[in-house]
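A short worksheet on the structure shown next.
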Amino acid sequence: MSLIPESKPKILIVDDEPANLRVLKSILQSDYQLTFAKSGEDALKLIDKDKPALILLDIMMPGMSGFDVCKTLKSQVENKSIPIIFVSALSEEMDEATGFEMGAVDYITKPVSPTLVKARVRTHLSLVQADVLKETRLQVIQVLGRASEYKDNETGMHVIRMSHYSKILAKAYGFCDAQAEQILNAAPMHDVGKIGIADSIMLKPGKLTDDEMNIMKTHPNIGADILGEGDSDLLRLARSIALTHHEKWDGSGYPNGLSGEDIPIEGRIVALADVFDALTSKRPYKDAWSVEKTMDLIKSESGLHFDPTLVNLLIQEMDQILAVYHKWQE
Ligand code: C2E
Ligand code: SIN
Ligand code: SIN
Ligand code: FE
Ligand code: FE
């Protein structure tokens with residue numbers, strides 16, 4: 001027996017004509033849990049009571065029209081993401097356009113075709129599931145990022161700051177908002193491979209021996225292995241960052257000794273964001289440096305450790321960087 005109860009998705013059907021309700025009921029009742037409303041007002045009450053996964057909504061009704069119901073739902077945070085399919089005898093193009101403008105996901109005309117109704121309902125329910133999966137994956141990834149950072153810094157502030165620094169650099173480099181947001185979401189996992197490094201090394205108060213440092217240098221590969229081949233853009237980006245955030249512009253970094261633009265841009269960005277934050281923070285093995293001292297080192301490493309273009313962008317965006325630095329202090 002499964003712990004998750006078997007349940008058919010709930011669909012609310014709204015139409016003032018009992019004959020229309022009956023037709024849709026006969027098409028959908030074997031696959032879904034159906035509830036019915038004969039007016040827009042009743043529909044809104046039912047939706048608050050038992051959240052449907054999808055709504056089939058008539059447009060022309062006495063009292064509140066389907067458009068009114070749609071407008072109301074889209075203004076409610078808790079209901080705005082329920083997909084709405086308009087079902088209407090009006091097949092004029094203007095209505096269809098109005099429906100989509102109001103946020104409906106689809107539009108079906110009466111008399112309805114059973115095959116078409118089933119196909120559209122199935123499609124829109126699976127799109128919702130895909131969104132939920134995407135959201136869940138993002139949350140799992142953020143939890144993984146926090147877990148990995150716990151060894152460096154118990155409050156998790158390092159991942160928050162360095163991922164915001166990474167986003168600022170990505171935007172300044174010319175990435176669009178969506179790509180910069182992906183970097184923000186993937187950067188927290190850069191050190192996930194530290195999970196595989198012994199605490200005796202991770203938390204050592206003093207300098208690491210060469211042997212210890214060589215073990216430490218396996219964390220990018222461990223991280224890439226943990227993140228796997230990745231079935232999403234976000235995981236692939238996270239893997240690339242985990243693997244390449246310790247490469248250096250001049251080719252002297254690890255694990256692969258890549259240089260220049262052979263290092264993926266996301267790795268170059270996170271390398272700079274990570275070191276800026278590591279230097280300005282306290283670590284088990286070091287005190288926090290001032291921003292001035294940190295920037296002096298970073299500038300002296302421009303073209304050696306770091307991509308010089310990115311060092312210039314870090315200087316250019318210093319106001320935004322400092323805002324993050326002050327906002328997320330321990
Ligand atoms: P982390 O603490 O997140 O540091 C990330 C990177 O910031 C370091 O990569 C290095 O490039 C830079 N960084 C951090 N602290 C300093 C510093 O005091 N001076 C300079 N010039 N750069 C600094 P790196 O060196 O490859 O180290 C990777 C990780 O290895 C570090 O991550 C940290 O977890 C660990 N680690 C490195 N050195 C030591 C050490 O002496 N003692 C201990 N216990 N851990 C160390
Ligand atoms: C990119 O890889 O998306 C940017 C091109 C570059 O590497 O500079
Ligand atoms: C700072 O604001 O202290 C660093 C700015 C810079 O050195 O370019
Ligand atoms: Fe690292
Ligand atoms: Fe780090």
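As the structure lists them, so they are numbered: ligands from 1, and atoms in each ligand from 1.
Between L279 and ligand 1, a contact under 3.5 Å exists for no N or O pair. Considering both main-chain and side-chain atoms, H305 never comes within under 3.5 Å of ligand 1 through any nitrogen or oxygen pair. Considering backbone and side-chain atoms together, K286 places no N or O closer than 3.5 Å to any N or O of ligand 1. Between K207 and ligand 1, no pair of N/O atoms sits closer than 3.5 Å. Any N or O atom pair closer than 3.5 Å counts here, and W289 shares no such pair with ligand 1. The shortest N or O to N or O distance between Y285 and ligand 1 is below 3.5 Å.
Relative orientation of the F100 and Y107 rings is tilted, given thresholds of 30° and 60° on the angle between their planes. Classified by interplanar angle (parallel below 30°, tilted 30° to 60°, perpendicular above 60°), the ring pair H219/H246 is perpendicular.
D191 and H158 share no side-chain donor-acceptor pair at under 3.5 Å. Side-chain contact annotation: K74 with N79, donor-acceptor N/O pair under 3.5 Å absent.
Listed by number with element, the atoms of ligand 1 under 4.0 angstrom from any heavy atom of Y254 are 24 (P), 26 (O), 27 (O), 28 (C). Atoms of ligand 1 lying under 4.0 Å from any heavy atom of L297, numbered from 1 in the order shown and given with element: 21 (N).
Comparing M202, M216, H245 against atom 29 (C) of ligand 1, the shortest heavy-atom distance belongs to M216. Residue K194 holds the heavy atom nearest to atom 32 (O) of ligand 1 of all those in E301, M213, H219, K194. Selection from A278, G206, G253 by nearest heavy atom to atom 7 (O) of ligand 1 gives A278.
Among the heteroatoms counted here (N, O or S) of H158, NE2 is the one nearest to the Fe ion (ligand 5).
Panel note: side chain S290, backbone K293; a donor-acceptor pair is recorded below 3.5 Å. Remark: the backbone N or O of G228 is paired with a side-chain donor or acceptor of R239 at under 3.5 angstrom.
Residues F67 and F86 bring their aromatic ring centres within 6.0 Å.
Within the 4.0 Å heavy-atom shell around ligand 1 one finds I201. Remark: distances from the non-hydrogen atoms of A271 to ligand 1 are all 4.0 Å or more.
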For residues 17-28, which side-chain N or O atoms pair as donor and acceptor with protein atoms under 3.5 Å away, sequence neighbours left out?
unit_1: N20; atom_1: ND2; unit_2: D15; atom_2: OD1; d: 3.3
unit_1: N20; atom_1: ND2; unit_2: D15; atom_2: OD2; d: 3.3
unit_1: S26; atom_1: OG; unit_2: V23; atom_2: O; d: 2.7

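When the salt bridge (Lys or Arg N to Asp or Glu O under 4.0 Å) test is applied to D177, the partners found at least two apart in sequence or on another chain are K171. Evaluation of the side-chain contact (heavy atoms from CB on, under 4.5 Å) rule for T72 yields L44, M64, Q76 as partners, not counting sequence neighbours.
Around NZ of K38, the count of heavy atoms belonging to other residues, nucleotides or ligands within 6.0 Å does not exceed 12.
The count of protein N, O or S atoms under 2.8 Å from the Fe ion (ligand 4) stands at 4, with waters excluded from the count.
Under a hydrophobic-cluster definition in which Ile, Leu, Val, Met, Phe, Trp and Tyr are linked whenever side-chain heavy atoms come within less than 4.5 Å, directly or via other members, L57 and L125 are assigned to different clusters.
Residues S166 and V270 approach most closely at OG-CG2, 3.7 Å, considering heavy atoms.
With a 4.0 Å heavy-atom cut-off, ligand 1 is reached by the side chain of H246 but not by its N, CA, C or O.
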